[in-house]
Structures are given as structure tokens and as C-alpha cells.
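Let me begin by presenting the structure, written as C-alpha cells, before commenting on it.
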Amino acid sequence: AQSVAQPEDQVNVAEGNPLTVKCTYSVSGNPYLFWYVQYPNRGLQFLLKYITGDNLVKGSYGFEAEFNKSQTSFHLKKPSALVSDSALYFCAVRDAGGYQKVTFGTGTKLQVIP
Amino acid sequence: SQTIHQWPATLVQPVGSPLSLECTVEGTSNPNLYWYRQAAGRGLQLLFYSVGIGQISSEVPQNLSASRPQDRQFILSSKKLLLSDSGFYLCAWVGLAGAGELFFGEGSRLTVL
């Protein structure tokens, strides 16, 4: 069975500082990894994905994520946080070889402090 | 471009009443469709998925059912709502290319009183 862990319920960061939201995963085959963002009372928006290739992937709104196979991690990063980045962030995984069932983490609330 | 619509956006229903939430996708054909529930603004639980008309798979036993009467229509239903059915219901479809990233509707918030 595949699973995703987001160890932090909430991350606080000052505006302008770099941010990291952590994610680790477990999957039997090669992973497809995703990050989504959710604003209050809205649906989830796709940010970025890792399929294969370069371990650093870039996505929307200046976000990037680093894939680390040995640590089974896929942390979300941004060099300089904005107040408007405050939202709920979800990491997700699916097995590259399996049916397109995506498993989500429990979410991390990012609070950017002005 | 592809779009996904959900309605109603908000619903308040008494315990024991029926439910129907609708989701439609535009701009694509034969999409894989999903219903998720998000409780207490946090984790997402996959309820149902569908790979085609009339094909429904249930992930967890529950008081809900799903149907796909048309290629781009996905309906979530209940005959008798429970208090525990309250939550934020999200419909999603899989992108046509790439790794299968999901694209979500804006959600339907259900409150059962």
C-alpha cells in the first residue's frame, strides 16, 4: 500500500524568508509525486509534480520541490515566502505502474507572517 | 481547455434526508473521475472513482453511493444522511497527459443537522 506523511501540522515562516514543507512517502514501485495547495473553502490546485529525471522540480508561483530517493522525501520549498502563500499544502503519491489512485498526506498549514 | 464544475456549493440538510451532489467535466472525453471527502479542513479520503460510464469503484464502506450516467457526469448520492456525512466533498479528474495529476472542482460543503 502507498502512503504519504506530512510530519508538520503547521509551519510558520516570516515573509521574505525561505520556506520548507516536508513530505515523505512509501510506494512499492517508482513514485509519481505531487504537491497541491488549498485556500479556504476552495478546491485543491496542482502546484508541481515529479515523474522522473532531475531531482529538483519547479512549479507554479515560484515553488519547487526536491526529490530524494534514498530518504523517500519530496519536500516543498520556496526561496522567499509571501503572505499570499499562506494556505494548506498537500503532498500526494501514486505508483507509476499502478492504477491512477492517488494517496494524499494530511496536509500542512503554512502561515507566512508579515 | 478542460473545466470541472460542482454543485451545489453549499448544502444544509437534516439527518435522514437524501443527498445528490453533481460534478461535470468539460473539454475532455472519457476522463477518470473521483469523489473525495475532506473532513475538518484536513486530509482527503477517496470515496469513489470511475473509469467510465456505469463503472464505479468504492474505496470505503459508507452511507454514500456514486453513479456515472454520462461520460462527463459523476453524481454522489445518499438515501438517508447521517451526521457523520458532513464535510467538504471534492470531485476531481485526471489530467490527460503527464503523471496523472488531479484537477479538482471547487467543492461542495455539506452540513448535516
Side-chain angles (χ1 to χ4, degrees), chain A residues 1-10 23 25 27 29-53 57 59-60 65 67 74 86-111, chain B residues 1-11 21 23-25 30-52 55-60 74 87-111:
Chain A
Q2 57 195 35
S3 65
V4 176
Q6 293 183 244
E8 303 153 316
D9 264 359
Q10 182 160 334
C23 170
Y25 67 90
V27 67
N30 291 322
Y32 286 174
L33 294 156
F34 310 88
W35 276 101
Y36 294 83
V37 60
Q38 185 182 32
Y39 297 98
N41 296 309
R42 303 294 298 275
L44 277 70
Q45 296 177 36
F46 169 70
L47 275 180
L48 52 80
K49 66 185 177 187
Y50 170 82
I51 306 174
T52 186
V57 294
S60 306
F67 171 67
F74 189 55
S86 298
L88 189 57
Y89 289 82
F90 290 93
C91 182
V93 67
R94 64 161 278 224
D95 187 332
Y99 169 71
Q100 291 177 351
K101 174 183 172 181
V102 178
T103 300
F104 286 83
T106 52
T108 298
K109 183 177 180 181
L110 174 66
Q111 191 75 37
Chain B
S1 64
Q2 299 86 13
T3 57
I4 181 168
H5 303 282
Q6 279 187 249
W7 69 92
T10 305
L11 196 59
L21 300 179
C23 170
T24 59
V25 181
N30 198 30
N32 287 353
L33 295 171
Y34 304 79
W35 278 111
Y36 285 86
R37 178 169 57 201
Q38 185 178 30
R42 279 295 181 162
L44 280 79
Q45 179 186 35
L46 178 61
L47 302 175
F48 300 96
Y49 63 88
S50 173
V51 299
Q55 301 179 62
I56 308 295
S57 295
S58 175
E59 284 293 301
V60 293
F74 203 23
F88 193 47
Y89 289 83
L90 291 158
C91 182
W93 71 283
V94 173
L96 294 176
E101 57 267 33
L102 291 165
F103 294 95
F104 286 83
E106 287 300 306
S108 297
R109 183 165 300 283
L110 170 66
T111 303

- Would you check if B:Y49 and A:V102 make a side-chain contact, meaning some heavy-atom pair closer than 4.5 Å?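 Side-chain contact under 4.5 Å: no.
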
- Minimum side-chain heavy-atom gap B:Q38-A:F104 below 4.5 Å: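 Side-chain contact under 4.5 Å: no.
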
Working to the nearest 0.5 angstrom, can you tell me the gap between [X] [atom1] and [Y] [atom2]?
| X | Y | atom1 | atom2 | answer |
| --- | --- | --- | --- | --- |
| B:E101 | A:Q45 | CD | CD | 14.0 Å |
| A:K109 | B:R42 | NZ | CZ | 7.5 Å |
| A:Y36 | B:L102 | OH | CG | 4.0 Å |

- Not counting sequence neighbours, which residues clear side chain to side chain donor-acceptor pair (under 3.5 Å) with B:Y89? List them please.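 For B:Y89 the side chain to side chain donor-acceptor pair (under 3.5 Å) partners, ignoring immediate neighbours, are B:R37.
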
- Item | A:T108 versus chain B, the contacting section by heavy-atom distance below 4.5 Å |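 For A:T108, the contact with chain B is made by the backbone alone.
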
